Amino acid sequence: MKGKFLLVVPVGLWIACSAPKDQVPEQTADFCASIHRNDSISLSQSLEALADSMRNKTGVYVLEDGGGSLVARAWLTEYAEKTIDIQYFIFSPDNVGLIACDYLVRAADRGVKVRLLVDDIMVEAGVHEIVTLDSHENIDIRIYNPGVNLGKNLFSKLKKYTTEFRSANQRMHNKTFIVDGKVTITGGRNIADEYFDYDHEYNFRDRDVLLMGKINATIEKSFEVFWESPLSVPVTKLVSEERVGIDSTRFDRLHQYACNPENFWPQVRVRIQRLPEAFAALNHSGNIVWLDRVDFVSDVPGKNEGEGLHGGGITTDTLISLIRNAKTSLEIQSPYLVTTKLARGLFRDAVTRGVKVRILTNSMASTDNMEAFSGYQRDRKELLETGVQIYEFRPDAKERYQVMTGALQEKIDFTPIFGLHAKSMVVDGKITVIGTFNLDPRSANLNTECIAVIHSEKIAAGVLKGMEEEFKPENAWETTLDFNPDSEAAMSKRVKAFTRKVVPKNIL
């Protein structure tokens with residue numbers, strides 16, 4: 001959500017997979033002529049050796065770096081055989097988004113059924129471009145909770161926020177990428193450059209998890225509930241533009257853009273091609289952990305349909321239960337940390353019964369959301385008084401040189417600012433939560449969220465290893481009652497944080 005204030009006014013999410021023509025310039029050569037898919041392999045073939053495990057267990061692999069997470073999505077899309085079901089809050093037509101869409105169109109050309117569900121709040125793509133993508137016989141696009149953005153003029157948007165403020169703020173924050181009902185990637189990442197280490201100015205430290213086998217039936221069921229919800233509306237019902245004609249060349253510009261080595265580096269394609277070998281090595285080494293129990297918890301469409309801005313949902317209840325039952329430790333990462341009296345009470349009770357609680361969040365210098373930071377800043381002292389330890393992420397965190405593995409890092413002679421976007425929790429060194437839930441009132445009461453709850457000491461140890469690095473002084477400042485790193489931020493950010501204090505915390 002880089003630099004976006006999405007809480008009160010509708011400002012801009014990009015979804016265009018077939019982007020506006022001025023965003024995808026004409027290419028000077030046929031870059032696609034030398035790029036070919038390996039037709040001798042398939043997803044089912046690659047997973048054949050794991051069939052017995054996938055029937056009764058869930059395979060878990062945590063995707064820590066953005067480059068690896070991008071490669072996994074690309075390979076799964078390239079070798080999908082039946083279906084790709086995608087649910088995201090942000091799907092941007094920047095470099096990563098356009099390349100992702102090229103892969104989706106090519107999959108659809110092979111007969112794969114692609115369903116894309118995106119929240120309406122920040123859609124900025126041109127109507128023609130969205131309808132063009134939807135015109136593919138194997139691609140369907142639906143928009144969640146429309147009425148505040150797509151196809152609306154400024155007057156109708158303002159009217160929605162004035163007369164239906166609560167419903168206008170009920171957004172879909174779920175993020176799932178499901179292939180053939182067998183493999184899912186879920187977690188904190190949206191589809192945009194900054195989530196995969198490709199942005200030139202600002203990138204996120206994020207975390208996803210790849211899930212294979214048993215749990216996918218539950219995840220697919222959740223997607224179906226959202227897809228069939230009255231809140232999810234086919235894009236063609238929201239716009240007046242006539243459906244575009246079927247033109248076999250309508251995606252040529254997109255294909256050539258993605259094939260151009262200046263836009264999608266050859267070394268990344270090599271990593272994608274080599275993924276089966278890397279995957280086999282991971283499984284052989286035991287780094288893919290097969291478990292009897294992994295829980296996928298998702299809110300339902302229209303979460304909290306009562307009155308007011310309070311009420312919660314099943315993800316909120318699940319996290320409250322995990323915190324209440326913690327016995328020794330709670331290690332938490334949340335980019336936004338806007339606590340309520342209830343949340344501070346939960347942490348105080350945990351500390352009182354001997355639980356060590358450490359939380360890593362963004363500093364003013366690293367945050368992309370000054371509104372959320374202002375909410376955290378207002379209650380930071382009270383939160384510290386509960387006995388929790390708070391660490392604030394450095395924009396120049398040393399570990400960015402290790403975690404940011406995207407090809408962009410090989411192309412530029414500086415390292416972009418690093419901000420935290422991972423939403424994770426480890427309980428007692430045994431249970432790991434990876435998902436979309438921020439520790440703020442918006443995730444608790446308004447947004448639909450989803451989380452994977454993984455019961456494995458081995459997975460917990462791996463995630464904790466990364467967390468321990470991020471608590472170190474070279475990666476984060478420890479904030480106390482006597483010290484905070486606000487002075488490390490630029491004066492413009494300090495002014496913004498002060499002025500944003502007028503925003504009510506219950507919508508942050």
Side-chain angles (χ1 to χ4, degrees), residues 41-88 100 103-104 107 112-115 174-189 206-224 271-298 424 431-436 450-463:
I41 61 176
S42 66
L43 179 58
S44 59
Q45 181 187 62
S46 299
L47 298 177
E48 187 175 358
L50 307 176
D52 289 341
S53 297
M54 291 178 66
R55 192 171 298 113
N56 301 307
K57 295 178 181 290
T58 298
V60 179
Y61 183 73
V62 179
L63 297 164
E64 294 282 5
D65 69 278
S69 195
L70 175 69
V71 166
R73 284 173 170 86
W75 189 90
L76 288 168
T77 305
E78 189 164 23
Y79 293 100
E81 296 169 273
K82 297 179 180 178
T83 60
I84 301 174
D85 292 329
I86 303 170
Q87 187 175 7
Y88 278 107
Y103 272 79
L104 291 176
V112 177
K113 299 294 184 182
V114 178
R115 295 187 291 179
N174 296 49
K175 303 173 181 72
T176 57
F177 179 88
I178 313 164
V179 179
D180 287 349
K182 298 176 180 179
V183 183
T184 295
I185 295 175
T186 187
R189 291 183 176 96
D206 217 328
R207 181 177 289 110
D208 287 328
V209 61
L210 185 147
L211 303 169
M212 299 180 293
K214 182 180 175 181
I215 196 61
N216 278 273
T218 302
I219 302 172
E220 187 70 48
K221 182 178 179 180
S222 171
F223 179 88
E224 290 291 346
R271 283 190 67 188
I272 295 168
Q273 292 167 1
R274 292 176 178 173
L275 187 64
E277 291 83 358
F279 179 80
L282 282 172
N283 191 52
H284 182 72
S285 67
N287 288 325
I288 297 175
V289 182
W290 292 92
L291 302 173
D292 292 319
R293 184 178 179 189
V294 175
D295 302 321
F296 179 79
V297 183
S298 174
S424 306
I431 301 172
T432 304
V433 179
I434 298 173
T436 67
C450 63
I451 55 176
V453 184
I454 304 161
H455 300 259
S456 165
E457 291 187 21
K458 184 170 183 177
I459 293 294
V463 173

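Computation of the quantities below employed the complete heavy-atom set of this structure, encompassing side-chain atoms and omitting hydrogens, waters and symmetry-equivalent molecules. This is a predicted model, so every value here is computed, not measured.
- Among pairs with a residue in residues 275-285, none fulfils salt bridge (charged side-chain N to carboxylate O under 4.0 Å, His left out), at least two apart in sequence or across chains.
- Judged as a side-chain hydrogen bond (donor to acceptor under 3.5 Å, both in side chains), and not counting sequence neighbours, T77 has no contacts.
- Residues forming a side-chain hydrogen bond (donor to acceptor under 3.5 Å, both in side chains) with K221 (at least two apart in sequence, or on another chain): none.
- Shown here are the ring pair (Phe, Tyr, Trp, His ring centres under 6.0 Å) partners of Y103, two or more places apart in sequence or in another chain: there are none.
- Between S46 atom OG and I41 atom CD1 the span is 5.0 Å, to the nearest 0.5 Å.
- When every heavy atom of F177 is checked against every heavy atom of R73, the shortest pair comes out as CZ-O, 3.8 Å.
- Interatomic distance, I219 CD1 to F296 CZ, rounded to the nearest 0.5 Å: 5.0 Å.
- A donor-acceptor pair under 3.5 Å is absent between the side-chain atoms of T436 and the main chain of K175, judged by distance alone.
- Scanning for salt bridge (Lys or Arg N to Asp or Glu O under 4.0 Å) contacts around D85 gives R115, with sequence neighbours left out.
- Between the side chains of N174 and S298, a donor-acceptor pair is found at a separation under 3.5 Å.
- The side-chain heavy atoms of V297 and C450, taken from C-beta on, include no pair separated by under 4.5 Å.
- Contacts of D52 classified as side-chain hydrogen bond (donor to acceptor under 3.5 Å, both in side chains), with partners at least two apart in sequence or in another chain: R55.
- Separating the CG atom in L50 from the CE atom in M212 is a distance of 5.5 Å, to the nearest 0.5 Å.
- Here the straight-line distance linking atom CG of L275 with atom CG of L76 works out to 7.5 Å at 0.5 Å rounding.
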Does the side chain to side chain contact (heavy atoms under 4.5 Å, CB included) test come out yes or no for L47 and M54, once each step is laid out?
CA-CA 9 Å; L47 298 177; M54 291 178 66; 4.0 Å; yes
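- Closest non-hydrogen pair, V294 versus I215, comes out as O-CD1, 3.1 Å.
- Partners of W75 under the ring pair (Phe, Tyr, Trp, His ring centres under 6.0 Å) rule, at least two apart in sequence or in another chain, are Y79.
- For the residue pair K182 and S44, the shortest heavy atom distance occurs at NZ-CB, 3.5 Å.
- Side-chain contact check for V209 versus I454: some heavy-atom pair is nearer than 4.5 Å.
- For the atom pair NZ (K57) and CH2 (W290), the distance works out to 10.0 Å, reported to the nearest 0.5 Å.
- Applying the side-chain contact (heavy atoms from CB on, under 4.5 Å) criterion to K458, with sequence neighbours excluded, gives V289, S456.
- With sequence neighbours excluded, no residue forms a side-chain hydrogen bond (donor to acceptor under 3.5 Å, both in side chains) with E78.
- Among the candidates D295, D292, T432, the single residue satisfying the side chain to side chain donor-acceptor pair (under 3.5 Å) test with H455 is D295.
- Looking at every heavy atom in both residues, A107 comes nearest to I84 through CB-CD1, 4.0 Å.
- The shortest side-chain heavy-atom distance between L211 and T186 falls under the 4.5 Å cut-off.
- Atoms CD and CG, from E64 and D208 in turn, are 9.5 Å apart once rounded to the nearest 0.5 Å.
- Taking all atoms of both residues into account, the shortest heavy-atom contact from G66 to R189 is N-NH2, 3.3 Å.
- The closest donor-acceptor contact from the side chain of N56 to the backbone of S53 lies at 3.5 Å or more, if one exists at all.
- You'll find the side chain of L104 reaches within 4.5 Å of the side chain of I86, heavy atoms only.
- With sequence neighbours excluded, no residue forms a salt bridge (Lys or Arg N to Asp or Glu O under 4.0 Å) with R274.
- Residues L63 and G68 share a closest heavy-atom pair of CD2-O, 4.4 Å.
- The backbone N or O of E81 lies less than 3.5 Å from a partner atom in the side chain of D180, making a donor-acceptor pair.
- When each of D206, I434, V433, I451 is paired with S424, the side chain to side chain contact (heavy atoms under 4.5 Å, CB included) condition holds for I434 and for no other.
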Working for side chain to side chain contact (heavy atoms under 4.5 Å, CB included), residues L210 and V60
CA-CA 6 Å; L210 185 147; V60 179; over 6 Å; no
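- Qualifying side-chain contact (heavy atoms from CB on, under 4.5 Å) partners for K214, counting only residues two or more places apart in sequence or in other chains: T58.
- Each ring-ring contact (aromatic ring centres under 6.0 Å, His included) pair with one or both residues in residues 42-62, not counting sequence neighbours, would appear here, but there are none.
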